There are 2 protein chains.
Amino acid sequence: MRLTKQRKIILERLKQSRSHPTAVQIYDEVRSELPNISLGTVYRNLDILSKEGMISKIETCGDQKRFDGIPDPHLHIICSRCGKVQDAPQEPDLDLDQLTRVETDFLITGVRLELLGVCPDCNRENN
Amino acid sequence: MRLTKQRKIILERLKQSRSHPTAVQIYDEVRSELPNISLGTVYRNLDILSKEGMISKIETCGDQKRFDGIPDPHLHIICSRCGKVQDAPQEPDLDLDQLTRVETDFLITGVRLELLGVCPDCNRENN
DNA sequence: CTATCTGCAAAACATTTGCTGAGCA
DNA sequence: TGCTCAGCAAATGTTTTGCAGATAG
């Protein structure tokens with residue numbers, strides 16, 4: 001994998017961010033430094049970087065995927081109204097073995113755990 | 001809410017099914033009984049039925065959403081290759097209160113827990 | 001040098017929506 | 001009979017892809 005200018009800047013910006021941005025948000029952000037980058041390039045690189053394990057793709061926060069500069073699994077809190085994602089301040093303590101010990105013909109590889117909620121912005125708007 | 005012919009048949013088929021079908025799969029299924037139903041009608045009804053709490057919408061299994069005739073929460077096992085969804089044979093025992101007791105400015109409303117795995121079909125194909 | 005990558009544009013795909021006529025209650 | 005709903009088609013929003021030229025290693 002080459003370290004192109006585009007790829008490097010996408011990675012840097014994502015590592016700096018704690019906001020779990022969408023591809024379009026990353027595109028907007030990166031364009032301040034590389035005005036001619038294309039959205040296709042952003043998508044392609046986010047995909048490659050997450051396949052390489054350098055970032056992670058969050059698939060569970062609504063219609064748009066979000067991306068996380070921290071590739072290691074950690075607990076996310078997701079706003080069920082707007083899809084915003086926040087990192088939880090501490091990890092839950094869970095007995096994973098107990099959880100994955102189910103009778104099934106699937107090959108169990110892991111669990112997905114997220115907290116659902118309403119973010120301050122949505123809470124203010126809708127109530 | 002009216003019980004139209006279309007709505008009734010969509011609901012019946014979904015209640016009979018244990019396969020957690022996508023909207024298009026439900027469309028194909030229902031067309032055997034109602035050849036002129038439109039995909040838009042299927043989407044509209046699945047949305048209404050899930051808002052009414054008569055079915056549930058599964059938002060976390062890939063690019064297409066899936067639907068479940070059982071509205072009550074229960075544990076799903078999701079194939080991370082093809083998105084297929086299976087019901088787990090038993091519920092996990094979890095201390096939900098402990099999980100949701102995190103310091104955050106989000107209003108926590110629940111947790112999302114799923115098992116991830118590889119289904120028999122994908123396991124056969126890819127290894 | 002050359003295999004990988006970029007920008008651009010078009011395509012693909014799931015889902016939603018506007019409109020007009022149909023049908024449930 | 002009135003209000004909700006269906007069918008159709010077009011629009012929308014996100015993501016992917018084909019291609020020709022650019023560039024990292």
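Naming convention: chains lettered A, B, ... in sequence-line order (proteins, then strands); numbering from 1 in each chain. The shown structure was predicted, so the numbers you read here are calculated from the model rather than taken from an experiment. Reckoned from all heavy atoms, side chains included, excluding hydrogens, waters and symmetry mates.
Counting non-hydrogen atoms of neighbouring residues, nucleotides and ligands closer than 6.0 angstrom, the NZ atom of A:Lys5 reaches no more than 12 such neighbours.
Between A:Leu94 and B:Leu94, the closest side-chain pair of non-hydrogen atoms falls below 4.5 Å. The closest side-chain heavy-atom distance from A:Asp87 to A:His74 is below 4.5 Å.
Computed from coordinates, the B:Ile48 CD1 to C:dT16 C1' distance equals 13 Å when rounded to whole Å. Distance OH (B:Tyr27) to C1' (C:dT16): 16 Å, rounded to an integer number of Å. If you take NZ of B:Lys8 and C1' of D:dC5, they are 15 Å apart, rounded to a whole angstrom. The distance between atom CD of B:Gln25 and atom C1' of C:dT15, rounded to the nearest whole Å, is 16 Å. One interatomic measurement links the two molecules: CD1 of B:Ile37 to P of D:dC8, which rounds to 10 Å at whole-angstrom precision. Whole-Å rounding puts the A:Leu34 CG to C:dC5 P distance at 16 Å. Protein atom CZ of B:Arg31 is 11 Å distant from nucleotide atom P of D:dC8, rounded to whole Å. Rounded to an integer number of Å, the gap from B:Arg7 CZ to D:dC5 C1' is 7 Å.
Within the structure, a side-chain polar atom (N or O) of B:Asn45 is placed less than 4.0 Å from OP1 or OP2 of D:dA6. Contact annotation: A:Gln6 does not reach the phosphate of D:dA24 (side-chain N/O to OP1 or OP2, under 4.0 Å). Contact between the side-chain N/O atoms of B:Thr4 and the OP1/OP2 oxygens of D:dA6 is found at a separation under 4.0 Å.
Across the interface with DNA chain C, nearest-nucleotide mapping of A:Asn36 and B:Met1 shows A:Asn36 to be the residue nearer the 5′ end.
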**OP:** Would you check, one step at a time, whether the test side-chain contact (heavy atoms from CB on, under 4.5 Å) holds for B:Leu14 with B:Glu29?
**Re:** CA-CA 10 Å; B:Leu14 194 53; B:Glu29 168 84 16; over 6 Å; no
Subject >> B:Asp28 and B:Arg13: CA distance, side-chain angles, deciding distance, salt bridge (charged side-chain N to carboxylate O under 4.0 Å, His left out) verdict >> reply: CA-CA 11 Å; B:Asp28 286 339; B:Arg13 295 289 179 122; over 6 Å; no
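Although no hydrogens or angles enter the test, the distance criterion places no donor-acceptor pair under 3.5 Å between the side chain of B:Asp47 and the main chain of B:Tyr43. Counting only distance, with no hydrogens or angles, the side chain of B:Arg66 and the backbone of B:Gly83 share a donor-acceptor pair below 3.5 Å.
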**OP:** Take nucleotides 14-23 of chain D nucleotide by nucleotide from the 5' end and write B, S or -, depending on whether a protein heavy atom sits under 4.0 Å from the base, only from the sugar-phosphate, or from neither.
**Re:** SBB-B----B
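With distances taken from any side-chain atom of B:Leu3 to the nucleotides C:dA25, D:dC5, D:dC8, the minimum falls on C:dA25.
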